[in-house]
2 protein chains.
Amino acid sequence: MKTRDKILLSSLELFNERGERNITTNHIAAHLAISPGNLYYHFRNKSDIIYEIFLEYEKLVDFYLDIPEDRSITLEDLTFYLESVFDGLWSYRFFHRDLEYLLDSDRRLRQDYREFTNRCLVAISRIFEKLAEAGIIQPQPEELRSAMSLNVWLVITNWMAFLKTAHALDESTSLTLKELKQGIYQVLTLEIPYLTADYREQVMALREKYRPSLPESADASGEGCRSDQTLRNF
Amino acid sequence: MKTRDKILLSSLELFNERGERNITTNHIAAHLAISPGNLYYHFRNKSDIIYEIFLEYEKLVDFYLDIPEDRSITLEDLTFYLESVFDGLWSYRFFHRDLEYLLDSDRRLRQDYREFTNRCLVAISRIFEKLAEAGIIQPQPEELRSAMSLNVWLVITNWMAFLKTAHALDESTSLTLKELKQGIYQVLTLEIPYLTADYREQVMALREKYRPSLPESADASGEGCRSDQTLRNF
DNA sequence: CTATTATTAGAGTATATACTCTAGTGAGTC
DNA sequence: GACTCACTAGAGTATATACTCTAATAATAG
């Protein structure tokens, strides 16, 4: 594998594990056992590394959120979209953590991310539309649909931050992809009231599969019995 | 005003304006025209400053989210809660921006924030319960109510980040409290399907008040006409 | 083989950052 | 006047950070 690609891979790995803020270019070079000079031969600066990683992320999500226009949509499609989005979120999880800072440091990134968000919102809205066409949810006026899409986006992009902060974890206890995917439960919660009678049971059963399980509860770690009634559900 | 309080005030101001990550203790001291030594006389380190600011934030929100148990709840109460929470979010807006890093750097803060989140979730859930008691929304089973509360929390705490990233703003164009409060529109969107016939119109009218207005659109800044169909609503 | 280009090492640098240390100052107290 | 004590200045420090520079080595083309 080319050094350039190794740098991207290691950077992503380190960023995901310890946060972009805590990883310097020197760390990345050391982790690869190459010199800083070498790293800077391949990338002009740290921002450039991050930008290229973003482009990969963008490509991945765009690929998964390509809504077919020649056929109607099924519950399996919905599951696929949700699973894929959370997979992407997981693989590039460092990104949303320091998003604001990253966008402030790189104009290209800000612009691209803005357009990326927009495409995602359009895709989510289109999924709602097609779910209605397929008789899975009730059709909604455009205005409501786009507000709902935005809520879905907000829930998805904030779910991981919530998990990390709700956990009583030190650096030791780390998040798992499985826990992350419990965000799907939250997303499906948003759709409940709009389900048609025909599909209600099926979707509720699907949702149930993602229900957060007790064992991972932050409180089950023996920290004592605080009044975590609400978090108990997680 | 005591130097100690001035430090807290200036820190909050600078953090909010430029982000915690971009503000050093030296910046804070310089802004106050005091020496770094002086600052460190009053606070052991940067984390301590942040922790004390958090305690203020916590106190503020706890104060506003004190749900009365001796009477039923009105739409005015709901409006008050929403307005207050977004006011708080605005006044301490630096906090959620770098939340994960801050919690990683200070165990006390992590623990306290966890409990704070939990109290907020309980309060939101309680509000839903009392809205149902007041006949404003339909009553929901505990399980659904807590999942909904969490979604409300996710929308509220992520709304600002969304605005900042959706804006095509450079550092120049900054966010306003008014724009932030359009998050209330998103929160009320979550409640729409559960509204009772009696209150439906009233709540929809309330929601309408917070509808994002075109003029602030990121795209209206003359950047050209991109395919921002979805963001158009904002 | 030679010349060019791509790649790499490794020492080095300017600046920043969080924080420390010493030496006070000024207001009050006895 | 001597003493205390909260408070402050300002120089200084150890370390980190992002990045540069020079020189050397491998790869490749003619």
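We name chains A, B, ... by the order of the sequence lines, and we start the count at 1 in each one.
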K.L.:
Which label fits B/Tyr64 and B/Phe80: parallel for a plane angle under 30°, tilted from 30 to 60°, or perpendicular past 60°?
P.N.:
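Perpendicular: the ring planes of B/Tyr64 and B/Phe80 meet at over 60°.
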
K.L.:
How far apart are the C-alpha atoms of A/Phe15 and A/Ile28, what are their side-chain angles, what is the distance that settles it, and do they pass the side chain to side chain contact (heavy atoms under 4.5 Å, CB included) test?
P.N.:
CA-CA 9 Å; A/Phe15 289 161; A/Ile28 298 166; 4.1 Å; yes

K.L.:
Without decimals, in angstroms, what is the distance between A/Leu39 CG and D/dC21 C1'?
P.N.:
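Distance check: A/Leu39 CG to D/dC21 C1' gives 16 Å.
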
K.L.:
Find the distance B/Lys46:NZ to D/dA16:C1' and express it as a whole number of Å.
P.N.:
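These atoms are roughly 14 Å apart.
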
K.L.:
Would you give the length of the straight line joining atom NE2 of A/His27 to atom CG of A/Leu14, rounded to the nearest 0.5 angstrom?
P.N.:
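Atom-to-atom, A/His27:NE2 and A/Leu14:CG are 9.0 Å apart.
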
K.L.:
To the nearest angstrom, how far is A/His42 atom NE2 from C/dA6 atom C1'?
P.N.:
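It works out to 9 Å between those atoms.
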
K.L.:
Under 4.0 Å from OP1 or OP2 of C/dC19: is there any side-chain N or O of B/Tyr40 that close?
P.N.:
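Affirmative; the distance criterion is met.
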
K.L.:
Please tell me if B/Tyr41 has a side-chain N or O lying less than 4.0 Å from either OP1 or OP2 of D/dC7.
P.N.:
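Yes, such a contact exists.
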
K.L.:
Would you check if A/Met1 and A/Leu9 make a side-chain contact, meaning some heavy-atom pair closer than 4.5 Å?
P.N.:
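A/Met1 vs A/Leu9: side chains touch.
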
K.L.:
Between B/Val61 and B/Tyr92, is there a side-chain heavy-atom distance shorter than 4.5 Å?
P.N.:
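A side-chain contact under 4.5 Å is absent here.
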
K.L.:
Counting only non-hydrogen atoms, which of residues 29-38 of chain B are less than 4.0 Å from DNA chain D?
P.N.:
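Within residues 29-38 of chain B, the residues near DNA chain D are B/Ala33, B/Ile34, B/Ser35, B/Gly37, B/Asn38.
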
K.L.:
May I have the distance from A/Ile49 (atom CD1) to D/dC19 (atom C1'), rounded to whole angstrom?
P.N.:
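Checked: the CD1 to C1' distance equals 12 Å.
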
K.L.:
Does a side-chain heavy-atom distance below 4.5 Å link A/Tyr51 with A/Asp112?
P.N.:
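The answer is yes; the side chains approach within 4.5 Å.
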
K.L.:
Nearest whole Å is fine: how far is D/dA18 P from A/Asp106 CG?
P.N.:
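Distance, rounded to whole Å: 15 Å.
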
K.L.:
Please report the distance, rounded to the nearest Å, between CZ in A/Arg4 and P in C/dT8.
P.N.:
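Nearest whole value for this atom pair: 12 Å.
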
K.L.:
Mind calculating the distance between CG (B/Asn45) and P (C/dT20) to the nearest angstrom?
P.N.:
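The answer, rounded to whole Å, is 8 Å.
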
K.L.:
Find out whether the Lys NZ or Arg CZ of A/Arg21 is both under 6.0 angstrom from the six-membered ring centre of B/Tyr101 and within 45° of the ring's axis.
P.N.:
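Judged by the rule (NZ or CZ under 6.0 Å from the ring centre, within 45° of its axis), A/Arg21 counts as positioned above B/Tyr101.
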
K.L.:
Going by number, which of residues 7-28 of chain B have a non-hydrogen atom under 4.0 Å from DNA chain D?
P.N.:
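Heavy-atom cutoff 4.0 Å gives no residues at all.
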
K.L.:
Measure the acute angle between the ring planes of B/Tyr113 and B/Phe95, then classify it against the limits of 30° and 60° as parallel, tilted or perpendicular.
P.N.:
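Plane angle between 30° and 60°, so tilted.
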
K.L.:
How many whole angstroms separate atom CZ of B/Phe43 from atom C1' of D/dA6?
P.N.:
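In whole Å, D/dA6 C1' lies 15 Å from B/Phe43 CZ.
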
K.L.:
CD1 of A/Ile184 to OG1 of A/Thr79: how many Å apart, nearest 0.5 Å?
P.N.:
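Between atom CD1 of A/Ile184 and atom OG1 of A/Thr79 there are 8.0 Å.
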
